[in-house]
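Structure record follows, encoded as structure tokens.
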There are 2 protein chains.
Amino acid sequence: MSEPGRPDLPDGTEDAHLAAGARQPTIKTIAAAAGVGVGTVSRVLSGRGYVSLDTRAKVEEAVRELRYRPSAIGRGLKEQRTKNIGLLVADVSNSYYGDFAKGVLAEARHLDRHVIVGSSDDDAAAEREYVELFLEQRVEGIIAFPSSENLGVWREAKELGVNLVFADRVLDGLDVPSVVVDNHDGAYALTEYLIVLGHRRIGYLGGPREVSSGREREQGYRDAHADAGLEVVEELVVPSHFTRRNAFANALRILGAEPLPTALVASNNILGEAAIGAVRHLGLDIPDDLSVVMFDDVPWATLVTPPITVVTQPARRLGREAARLVVRAASAPGSVLVRTELVVRSSAAPPRATA
Amino acid sequence: MSEPGRPDLPDGTEDAHLAAGARQPTIKTIAAAAGVGVGTVSRVLSGRGYVSLDTRAKVEEAVRELRYRPSAIGRGLKEQRTKNIGLLVADVSNSYYGDFAKGVLAEARHLDRHVIVGSSDDDAAAEREYVELFLEQRVEGIIAFPSSENLGVWREAKELGVNLVFADRVLDGLDVPSVVVDNHDGAYALTEYLIVLGHRRIGYLGGPREVSSGREREQGYRDAHADAGLEVVEELVVPSHFTRRNAFANALRILGAEPLPTALVASNNILGEAAIGAVRHLGLDIPDDLSVVMFDDVPWATLVTPPITVVTQPARRLGREAARLVVRAASAPGSVLVRTELVVRSSAAPPRATA
DNA sequence: GTGAAAGCGCTAACAC
DNA sequence: GTGTTAGCGCTTTCAC
């Protein structure tokens with residue numbers, strides 16, 4: 001006890017963090033309590049260096065007694081690095097990112113790392129701000145779904161020795177390890193499936209062309225057409241931002257085409273949600289009037305009627321891999337590319353007697 | 001290649017974090033570059049104390065030139081606190097927590113705070129581990145959906161002067177500000193709505209009774225019965241953990257009752273998902289065979305057929321409030337209690353000719 | 001107005 | 001084996 005400084009503590013006049021209580025003990029406190037030097041305490045805690053069993057016991061006793069928790073700040077300062085990693089997603093409330101984050105958190109915990117999270121809403125300025133913040137925090141690494149507009153910041157972070165890992169998207173001219181799914185292949189599979197069913201007018205509600213995954217998926221859609229000797233109806237291909245409002249409007253635009261397409265590919269879960277919302281809004285039936293397929297196997301895909309045919313991305317696993325990559329864990333590969341998988345349910349059917 | 005950038009700096013001999021590049025400049029670097037003392041640089045950066053315009057300009061120039069970012073670690077050590085807050089949710093991949101987190105992140109950014117996130121899966125040991133970690137990180141505050149089993153840790157954190165804010169749940173015997181919805185009221189509204197429609201055998205798929213929100217919601221369900229002069233059929237009331245597997249099994253259990261209940265209340269989105277999945281699994285029709293209502297207005301609630309009647313919780317707003325509370329922002333209230341809102345859609349209808 | 005210096009909690013190098 | 005000490009980057013007090 002004692003804690004002399006407290007009887008009539010100097011602060012606590014106006015500002016008064018009244019709530020604040022006892023300070024956490026420091027290594028010095030422990031050293032004093034155990035009757036040893038701070039170096040010894042440090043050695044006990046880190047397990048490095050020799051300490052007699054007897055001394056060790058005393059120190060451990062004091063640690064337990066005083067509920068000592070080494071300060072990550074003090075340690076960080078000395079070691080010139082933290083065990084924190086930054087995670088920058090586009091939207092934490094999107095279940096795809098949520099799943100990804102879950103994977104990152106699980107693996108980070110396993111690797112004894114801590115995760116500072118940012119949600120950029122795909123806004124370049126917010127993204128830059130978060131990266132700056134991560135750099136100020138001296139994070140060990142950053143996992144991000146990067147927008148294409150901040151090449152400079154990313155390059156700088158890399159030069160500063162921060163371990164970067166990009167997810168889902170890749171930036172031209174910047175060699176950074178990544179965890180991605182085979183976007184081209186996934187979109188190709190979805191489109192090909194519809195073509196095989198007999199569809200010829202297939203709408204495509206895609207992501208922004210500024211991001212690599214958006215471009216790749218669109219190319220998959222196009223290549224599936226080309227390989228089947230089909231022309232893409234450009235009017236039916238519309239890129240969209242991932243905001244709900246935007247997505248809904250764009251879905252409506254595709255469904256406003258004349259004649260109505262007989263099928264629609266949505267290139268992620270938000271777009272899929274919008275597509276289905278728009279279809280409902282117009283009173284159309286799936287799959288009688290229109291077949292709908294999408295990227296991402298979200299929980300609700302099986303809850304709606306009919307259940308939606310999707311291409312899955314193993315978000316959780318990608319998150320785990322990203323975490324392993326970012327701490328440069330034992331024998332981590334340079335990048336991770338995983339295949340998507342087509343899960344056929346019943347939201348797609350052959351088109352109705354085509355005229 | 002090259003990597004000569006460093007003519008012959010003293011370090012970088014054996015240890016050589018090869019990947020690491022240039023170190024970030026320190027305040028000393030800036031002071032030297034600007035030809036001033038470190039104290040002056042600090043004063044310029046903080047805006048506290050007097051600095052001549054001329055000096056200020058020189059310092060700012062150096063800061064810009066060298067892309068200086070003050071180290072949060074150095075500052076944290078000196079100031080004995082960080083601007084980090086810990087956020088502990090039960091499951092980041094659940095869209096309710098995702099929305100909540102989004103609110104926290106948005107407000108935190110606004111308040112110049114950084115958020116370290118943990119996902120506990122409602123596991124007490126994981127929760128404890130995360131709290132310890134937050135304490136080691138010397139976070140300024142913690143926002144958590146606390147389990148009931150770690151009273152001790154929470155009490156300790158509070159005594160250590162860490163600003164605590166509980167969300168959704170409240171712990172007996174621990175006076176901590178909280179952001180919660182009126183759980184009792186929400187469940188009452190849902191149940192009463194079904195009763196008014198004429199239902200008498202209403203299943204209740206609830207959360208664990210160990211958490212306050214679980215208890216309160218169940219009580220709301222019970223009170224709605226009592227106020228209508230109805231008996232609760234105990235067999236139809238089943239608490240469930242929030243894992244999908246568990247929830248599904250418990251939903252099935254309720255739907256296995258003889259005779260089948262005519263309606264079902266699910267007390268959160270995961271349970272609602274399970275309920276609907278189970279109903280589909282059994283080939284039952286909503287609302288013809290069974291009315292289904294739930295807590296949480298998730299995006300898919302309007303996508304399924306029929307759209308689900310729900311009680312909404314403003315998750316995002318709760319997250320924002322929690323962030324404000326945890327930094328003890330200007331005139332923040334002690335706690336926040338918000339009302340839920342019943343959103344009637346078409347998943348509930350009068351029971352079929354009741355025998 | 002500004003520089004010098006102390007000290008925050010920790011680790012590691014070096015005496016003993 | 002163990003204690004002492006320097007120094008990580010920063011803020012703040014105190015001389016000047």
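In what follows, chains carry the letters A, B, and so on, assigned in the order in which the sequence lines appear, proteins first and then strands, with residues in each chain numbered from 1. Since this is a predicted model, take the numbers as computed values, not measurements.
- Taking 4.0 angstrom as the limit, B:Arg48 places a side-chain polar atom (N or O) nearer than this to OP1 or OP2 of D:dT12.
- Computed from coordinates, the B:Leu45 CG to C:dT2 C1' distance equals 15 Å when rounded to whole Å.
- Distances from the side chain of A:Thr40 to the nucleotides D:dT2, C:dC10, D:dC10 place D:dT2 closest.
- Taking 4.0 angstrom as the limit, B:Arg23 places a side-chain polar atom (N or O) nearer than this to OP1 or OP2 of D:dG9.
- Proximity note for A:Lys28 (side chain, C-beta onward) versus C:dC8, C:dG1, D:dC10: the nearest is C:dC8.
- At a threshold of 4.5 Å between non-hydrogen side-chain atoms, the residues A:Lys102 and B:Asp91 count as touching.
- For D:dG9, neither phosphate oxygen OP1 nor OP2 lies less than 4.0 angstrom from any side-chain nitrogen or oxygen of B:Arg75.
- Comparing B:Tyr50 and B:Leu77 against DNA chain C, the residue whose closest nucleotide sits nearer the 5' end is B:Tyr50.
- Atom NZ in B:Lys58 sits roughly 12 Å away from atom C1' in C:dG1 (whole-Å rounding).
- Side-chain atoms of B:Thr82 come within 3.5 Å of backbone N or O of B:Arg138 as a donor-acceptor pair.
- At whole-Å resolution of the value, CZ in A:Arg69 and P in C:dC10 are 12 Å apart.
- One can find a donor-acceptor pair under 3.5 Å joining the base of C:dG3 and the side-chain atoms of B:Arg43.
- As rounded to whole Å, 15 Å separates atom P of D:dT5 from atom NZ of A:Lys78.
- For B:Gln80, whose side chain is taken as the heavy atoms from C-beta onward, the closest listed nucleotide among C:dC8, C:dT2, D:dC10 is C:dC8.
- Counting only heavy atoms from C-beta on, B:Ile27 has its side chain closest to D:dT11 among D:dG7, D:dT11, D:dT2.
- Counted by atom type alone, A:Trp154 and A:Glu159 present zero donor-acceptor pairs between their side chains at under 3.5 Å.
- Checking side-chain atoms of B:Asn163 against main-chain N and O of B:Val327 turns up no donor-acceptor pair under 3.5 Å.
- Phosphate contact (OP1/OP2 of C:dT11, side-chain N/O of A:Ser46, threshold under 4.0 Å): absent.
- The separation between B:Arg81 atom CZ and C:dG9 atom C1' is 17 Å, rounded to whole Å.
- Comparing A:Val36 and B:Thr26, the nucleotide of DNA chain D nearest to each residue sits closer to the 5' end for A:Val36.
- No donor-acceptor pair under 3.5 Å is formed between the side chain of A:Ser178 and the backbone N or O of A:Val180.
- Mapping B:Val38 and A:Ala72 onto DNA chain C by nearest heavy atom places B:Val38 at the nucleotide closer to the 5' end.
- Nucleic acid contact class of A:Gly74 (heavy atoms, under 4.0 Å, all strands): base.
- Heavy atoms of A:Ser71 sit under 4.0 angstrom from primed sugar atoms or phosphate atoms, though from no base atom.
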